[in-house]
Number of protein chains: 2
Amino acid sequence: MSTKSASIAPIEPARAWEVVLQHIEGDLLSGALKPGDHLPPERALAAELGVGRSSVREAIRVLEVLGLIRTASGSGPQSGAIIVARPTGGMSALVRLQVAAHGFAVRDVVKTRLVLESAVVAELAEARHPDLGAALELLDAMEQDEPLTRDEYLTLDQAFHLALAVASGNEVIASMMAGLRDSIESYVRVGAGNLPSWPDTEERLKAEHRGIVAAIEAHDADLARTRIRQHIETYHAETKVSSIHPD
Amino acid sequence: MSTKSASIAPIEPARAWEVVLQHIEGDLLSGALKPGDHLPPERALAAELGVGRSSVREAIRVLEVLGLIRTASGSGPQSGAIIVARPTGGMSALVRLQVAAHGFAVRDVVKTRLVLESAVVAELAEARHPDLGAALELLDAMEQDEPLTRDEYLTLDQAFHLALAVASGNEVIASMMAGLRDSIESYVRVGAGNLPSWPDTEERLKAEHRGIVAAIEAHDADLARTRIRQHIETYHAETKVSSIHPD
DNA sequence: GCTAGAGTGTGGTCTGACCACATGGTCTGA
DNA sequence: TCAGACCATGTGGTCAGACCACACTCTAGC
């Protein structure tokens, strides 16, 4: 406990957990902490900053949810809080919860995904040698002989779209795309269940995927934009007809 | 996420704070909690869910940072944890910390902002009657007689860009834009300090702002895209020359 | 009627105590 | 010498209880 007596109170006294958060952020900015490093043990951090361990834990929890660290109990080099800087999980949580709390409309999530993914395919089309290896493997997996269940297909579909974003080399867009998609995951799956004919839809989706890749490989950015737009809009329009939510 | 078979086999027993988070998310999805509502008091929530108060507080903290709730101590209708669903703050924190932890490259943040803002101005240009009132007021404020300091101008500039995003009516894009901009705020301000001639830059920025608005009002989406791209790219190129960071 | 004070309920914080667990060293017996 | 069992240690995870500061609400006294 730090002596609060006679301390000149700032305009807004930072809460204890904010002190911890700012301290860690400062260490990140100064380079004292890098991905792969361990945070000090919670008890040591608490003593160092003059706050209680519970306050340290609140800050740690925030960092964990935002995807900056991963925690593990026990002893040894794998335990403790380790900087990982994986934004995807945090982005998913943020968007998903905002959708749940009506801060984000599903319609806007879909539109934003459209904007980002259009940019992704256009950038890939304009790249000299876009690395579509991962995306192509996923397409092959979707077209294997054994029939896939709807859920399996949608999982691969999601991975395909994410692979395109990753291939574009922009981590920010890739994690935003992943977060947007994750957050409406349940809506997509429910919509797929209400489709009039899933096999027909699946065939159409496969053809559209190949068309998108073809446009990228042909370096035709405009065509790629058009096709990705149609791909997303068609699916959402089709599933929305039979969806429960009238909006 | 991967398999929907919700068997009891808990490979990973949910931690206490996750239980609280999931419970609140469930209440949001079911409509039991809406924006404006109060969360139960921490002590009541802890008793209801059979967890300790500290675990409840960790979940509450996460929700606060993500911008879902605001908390206030004291008594009465303004106190407690209230659902607000303001995504901007959470997005800013996420992006800022990921940049600090090298999960996001500043370059990608700028590129993403470019993608989103291009879409914003294009959408505004294609709208019948875009509501540019707030944006225009900010432009007027930037051009008043009394000279503005660099910081004041940049604050208005940021507000202008955000106003455009808000005018487009897409909350998701607006909060992402705000988060992206906030997260590189310090870089922008440092860059402005290193410009060869701020007054010249300020004049150019004013002209570019007016040009963007003119393109929107002329319903010329392509021109608006071009101008916003040039606006952002020029500024970042100019400040990067004298910046310390080589990349 | 009005005001000053007590009362109440809230979040914010700290402390101390356990637990489960992973690791790493030590001891024991072959 | 070495392999295996065992225990000490340090970590996060959790809980219970205790305060505090604060904002509101009620009420007694004027």
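Every chain is numbered from 1 and lettered A, B, ... according to where its sequence line falls, protein lines coming before strand lines. What you see is a predicted model, and the numbers here were worked out from it, not measured in a lab.
Between C:dG12 and B:Arg61, a contact under 4.0 Å exists linking OP1 or OP2 to a side-chain N or O. At D:dG13, one or more side-chain N or O atoms of A:Arg57 fall inside 4.0 Å of OP1 or OP2 (strictly under the cut-off). Side-chain nitrogen and oxygen atoms of A:Thr71 include none within less than 4.0 Å of the OP1 or OP2 phosphate oxygen of D:dT11. Residue B:Arg43 has no polar side-chain atom (N or O) positioned under 4.0 Å from OP1 or OP2 of C:dT10. At C:dC14, one or more side-chain N or O atoms of A:Ser55 fall inside 4.0 Å of OP1 or OP2 (strictly under the cut-off).
B:Arg53 has its CZ atom 14 Å from the P atom of D:dC19, to the nearest Å. We find that CD of A:Glu58 is positioned 14 Å from P of D:dG13, with the value rounded to whole Å. In this structure, A:Leu45 atom CG and D:dG12 atom P are separated by 9 Å, rounded to whole Å. Distance A:Gln78 CD to D:dT11 C1': 13 Å, rounded to the nearest Å. Taking atom CZ of A:Arg70 as the reference point, atom C1' of D:dG12 lies 12 Å away to the nearest angstrom. In this structure, B:Ile82 places its CD1 atom 13 Å from P of C:dT10, rounding to the nearest Å. Residue B:Leu39 contributes atom CG, which lies 12 Å from atom P of C:dT10 at whole-angstrom precision. Atom pair B:Arg15:CZ and C:dC21:C1' shows a separation of 14 Å (rounding to whole Å applied).
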| task | Kindly determine whether B:Arg61 and A:Ser55 satisfy side chain to side chain donor-acceptor pair (under 3.5 Å), including the steps that lead there. | result | CA-CA 10 Å; B:Arg61 194 63 55 233; A:Ser55 299; over 6 Å; no
| field | Check against side-chain contact (heavy atoms from CB on, under 4.5 Å), B:Glu48 and B:His23 | value | CA-CA 11 Å; B:Glu48 179 186 350; B:His23 178 261; 3.7 Å; yes
| task | Might you work through the side-chain contact (heavy atoms from CB on, under 4.5 Å) test for B:Met142 and B:Leu139, ending with a clear yes or no? | result | CA-CA 5 Å; B:Met142 286 190 243; B:Leu139 285 190; 3.7 Å; yes
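Residue contacts for A:Gly76: at a heavy-atom cut-off of 4.0 Å it reaches the sugar-phosphate backbone alone, with no base atom in range. Counting non-hydrogen atoms under 4.0 angstrom, B:Ala46 reaches nothing in the nucleic acid. Across all strands, A:Gly74 comes closer than 4.0 Å to base atoms (heavy-atom distances).
The environment of A:Arg86 atom CZ is sparse: at most 12 non-hydrogen atoms of other residues, nucleotides or ligands sit within 6.0 angstrom.
Using a 4.0 Å cut-off between charged side-chain N and carboxylate O, A:Arg181 and A:Glu117 make no salt bridge. Salt bridge A:Arg96/A:Glu185: absent, no basic N to carboxylate O contact under 4.0 Å. Between A:Glu58 and A:Arg15 there is no salt bridge, since none of the side-chain N atoms of the basic residue sits less than 4.0 Å from a carboxylate O of the acidic one.
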| field | Base-pairing string, 5' to 3', of DNA chain C - Watson-Crick or wobble, under 3.5 Å, | interstrand | value | ||||||||||||||||||||||||||||||
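Each of D:dC15, C:dG11, D:dT11 was ranked by its minimum atom distance to the side chain of B:Glu42; first place goes to C:dG11. Nearest nucleotide to the side chain of A:Pro41, out of D:dG13, D:dT11, C:dG11: D:dT11.
Ranked by how close their nearest DNA chain C nucleotide is to the 5' end, A:Ser54 and A:Ser75 are led by A:Ser54. Comparing A:Trp17 and A:Pro77, the nucleotide of DNA chain C nearest to each residue sits closer to the 5' end for A:Trp17.
Using a 30° and 60° split on the angle between ring planes, A:His161 and A:His209 fall in the perpendicular class, above 60°.
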